[in-house]
*Asks:* 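Take a look at this one; I'll ask things after.
Bear in mind the structure is a predicted one, so any value in this text is a computation, not a measurement. Below, chains carry the letters A, B, ... as their sequence lines are ordered, and counting in each starts from 1.
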Amino acid sequence: MPDFTNAAIAQYFDELGDLYELDGAVVHRVMAYRNAAKAVRDAPVSVAALAKEGRVTTLPGIGKTLEEKIVTLLDTGGIPSLDRLRAKFPPGLLDMTRLPGLGPKRARKLFDDLRIDSLDALREAAESERLRGVRGFGPKFEQAVLEAFAAGVAERPAPRVLLPRALGIGEQITSALRSLPGVDRVELAGSARRLADSVKDLDVIATASDPKALTGAFARLDVIESAGSAGENAVRGRTHSGLAVDVRVVEPDLFGNLLQHFTGSKDHNMQLREAMVRRGLHVSEYGILDDATGETTRCAREEEVYERLGLAWIPPELREGRGELEAAAAGTLPRLIEVSDLKGELHSHTVLSDGRQTAEEMALAARERGLEYIAHTDHSATHGFGNHVDPDTLKAQIEHVRELNERIEGIELLIGTETNILPDGSPDYDDELLAELDWVVGSVHTSFGMAEHEMTKRLVAACEHPWIDAIGHPTGRKIERRKPYAVDMNRVIEAAARTHTMLEINAAPDRRDLNDVHARNARDAGVKILIDSDAHGVRELALARWGVATARRAWLTPDDVANTRPWPEFAAMRKRARA
DNA sequence: GCCGTTTTCGGCCCGACTGTTTTCAGTCG
């Protein structure tokens, strides 16, 4: 039997958490399963392998009981308690909790009293006004259910917006609010400030001498379609594009507390508060209450919040509950990479395949951005969109780029390729041709539906190929649009480390692939990371910033990223230079 | 179910809002 990936094991624990919640278990037990799922999902090594070695309890949140469950899963392919709970609660029960105001407790109540076990049954019961007969439910709830169905909430989860678009809207709003008279500070908080892959809504916080004037002005902004009060000094709006925006206005001496609170993440704040309660400090958006003195500290600046708690200020990108609190306490937070650290672009396209500009135009634009080298990596012979590059065309391009490199000053031009990794793991040019290039990225563009162990074998074989320097967008995901293909990334990372194959963080904002967790695990395993724009035109060279965002969320320093080095140093790090 | 500057039991974040309730449990962020 193939090993379970961390993601697969994590999914079992998430499901167990959901089902135990329906079963009425104490919340802390449910939390334990969800914490365990997160720990397993983020683990830098194979949890299955750890379990076999008897060391899985070294992971935070995995104790004796969960160790047993993992071992049983590996041995038998299942978990008895999960089978029992699945038999007890129909799958539709969990779907029902997608409705606003309907959590596990109330869903269970409807199941017990009315045998409602699906969204369809729930809608029917609301229409026939049978819900109001249950204690704790009334006409307003029935109405809310029907409204949710009418809005299509039940069918599809609310769409998330990709980070660049969310930031664009957010910056438009914050700059408009900043220009108002009597407005002091305005900042974007939430997942947008943490530079997450995508965001559900925007959080804006501000200080102003006249809060009512600010919330009123927000409601009248061109981008805002509708807005309504959300309590004192707060307003909730919706943009024409459907993005929810929350604005809160506070007194200046609480701005730091509020910014910290609303930047999150939930995990970060929970861990922070738990750790501080042990020291007699209670952290909330209203300040820091000290049990010893009974006094509450209010902070105008966010730095003061962390300082008061004895912690270094933590960059928002790190606030995901992945060890940042321990590092901040120990003074070991990393010096995170910045866009200005990048010196080379190793993945870009020209008109030779599907790009919009010539190699010369791309090179000049890269030089303009301050880069010291750029590799032209057009698609290969089996690209399949009518713009593939056959071997003879590539040979001519080698000559062309070499000639350009002679002529263009101030930047090193490299000729490379983004070769397709065929289903058997081999590239689609022969080795003699690849050997003539300066640089080879190998990517999967076909046969996404392979079984996990086949896809893993395919990528491991690509890593083992002597002329493939790096793997491009290693999981093939498109954020909010396409799941990653099934692959055991821990095995691929291990192979990349062993073969000195670099792994790319593709910076296209809908890819960001490797993601933050994989990139951090790869770095920990000794893999050198690339940050590439995958530009198909000169303007897209700027997309590198989204790759840097992912790298920062992965705790990467300039040293962890190969293309922060000048060309001669980078050249020597290539697999082909090591042979 | 996990975990330990309140170590092997008794804790395990904070606050607002909602609808249904006579004081609050459940939900949400």
*Asks:* Think A/His28 has a side-chain N or O under 4.0 angstrom from the OP1 or OP2 of B/dC2?
*Replies:*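 Indeed not, no polar side-chain atom of A/His28 lies that close.
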
*Asks:* Give the rounded distance in Å between these two atoms: CZ of A/Phe13 and C1' of B/dC2.
*Replies:* 12 Å

*Asks:* Side chain of A/Glu285 only, please: which of B/dG15, B/dT20, B/dG1 is the nearest?
*Replies:* B/dG15

*Asks:* A/Ala32 side chain: which of B/dC13, B/dC2, B/dG15 is closest?
*Replies:*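 The nucleotide sitting nearest to the side chain is B/dC2.
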
*Asks:* Should the ring pair A/His268 and A/Tyr306 be called parallel, tilted or perpendicular, given that the plane angle runs from 0 to 90° and is split at 30 and 60?
*Replies:* tilted

*Asks:* Checking all strands, does A/Leu272 fall into the base, sugar-phosphate, or nothing category for heavy-atom contacts under 4.0 angstrom?
*Replies:* nothing

*Asks:* Between A/Gly103 and A/Glu274, which has a closest nucleotide on DNA chain B that is more 5'?
*Replies:*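 Whichever sits nearer the 5' end wins; that is A/Glu274.
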
*Asks:* Remember a base hit wins even if backbone is also touched, and classify A/Ile288 as base, sugar-phosphate or nothing at under 4.0 Å, heavy atoms.
*Replies:* nothing

*Asks:* Does the pair A/Asp513/A/Arg477 count as a salt bridge with the N-to-O cut at 4.0 Å?
*Replies:*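 Here A/Asp513 does not pair with A/Arg477 in a salt bridge, since their nearest N and O are not under 4.0 Å apart.
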
*Asks:* Looking at every strand, decide which applies to A/Val283 at a 4.0 Å heavy-atom threshold: base, sugar-phosphate, or nothing.
*Replies:*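 Answer is sugar-phosphate: A/Val283 comes under 4.0 Å of backbone atoms only.
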
*Asks:* Can a side chain N or O of A/Tyr286 be found less than 4.0 Å away from OP1 or OP2 on B/dA16?
*Replies:* yes

*Asks:* Using purine N1 to pyrimidine N3 plus N6-O4 or O6-N4 for Watson-Crick, or N1-O2 and O6-N3 for G-U wobble, both under 3.5 Å, which nucleotide pairs with B/dG1?
*Replies:*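 Looking at the geometry, B/dG1 pairs with B/dC12.
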
*Asks:* Please tell me which of A/His282 and A/Lys140 maps to the more 5' nucleotide of DNA chain B, matching each residue to the nucleotide holding its nearest heavy atom.
*Replies:* A/His282

*Asks:* Quick check on B/dG1: is either OP1 or OP2 less than 4.0 Å from any side-chain nitrogen or oxygen of A/Arg29?
*Replies:*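 Affirmative; the distance criterion is met.
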
*Asks:* Check whether any side-chain nitrogen or oxygen of A/Ser284 sits under 4.0 Å from OP1 or OP2 of B/dC13, and answer yes or no.
*Replies:*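 Answer is no, no contact under 4.0 Å.
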
*Asks:* Would you say A/Asp75 and A/Thr72 are linked by a side-chain donor-acceptor pair, where the criterion is simply a distance under 3.5 Å?
*Replies:*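 Absent: no donor and acceptor within the cut-off.
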
*Asks:* What is the separation between atom CE on A/Met31 and atom P on B/dC2, rounded to the nearest whole Å?
*Replies:*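 Answer to the nearest Å: 14 Å.
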
*Asks:* Answer yes or no: is there an ion pair linking A/Glu302 with A/Arg319, defined by an N-O contact shorter than 4.0 Å?
*Replies:*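 Looking at A/Glu302 and A/Arg319, the cut-off is met.
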
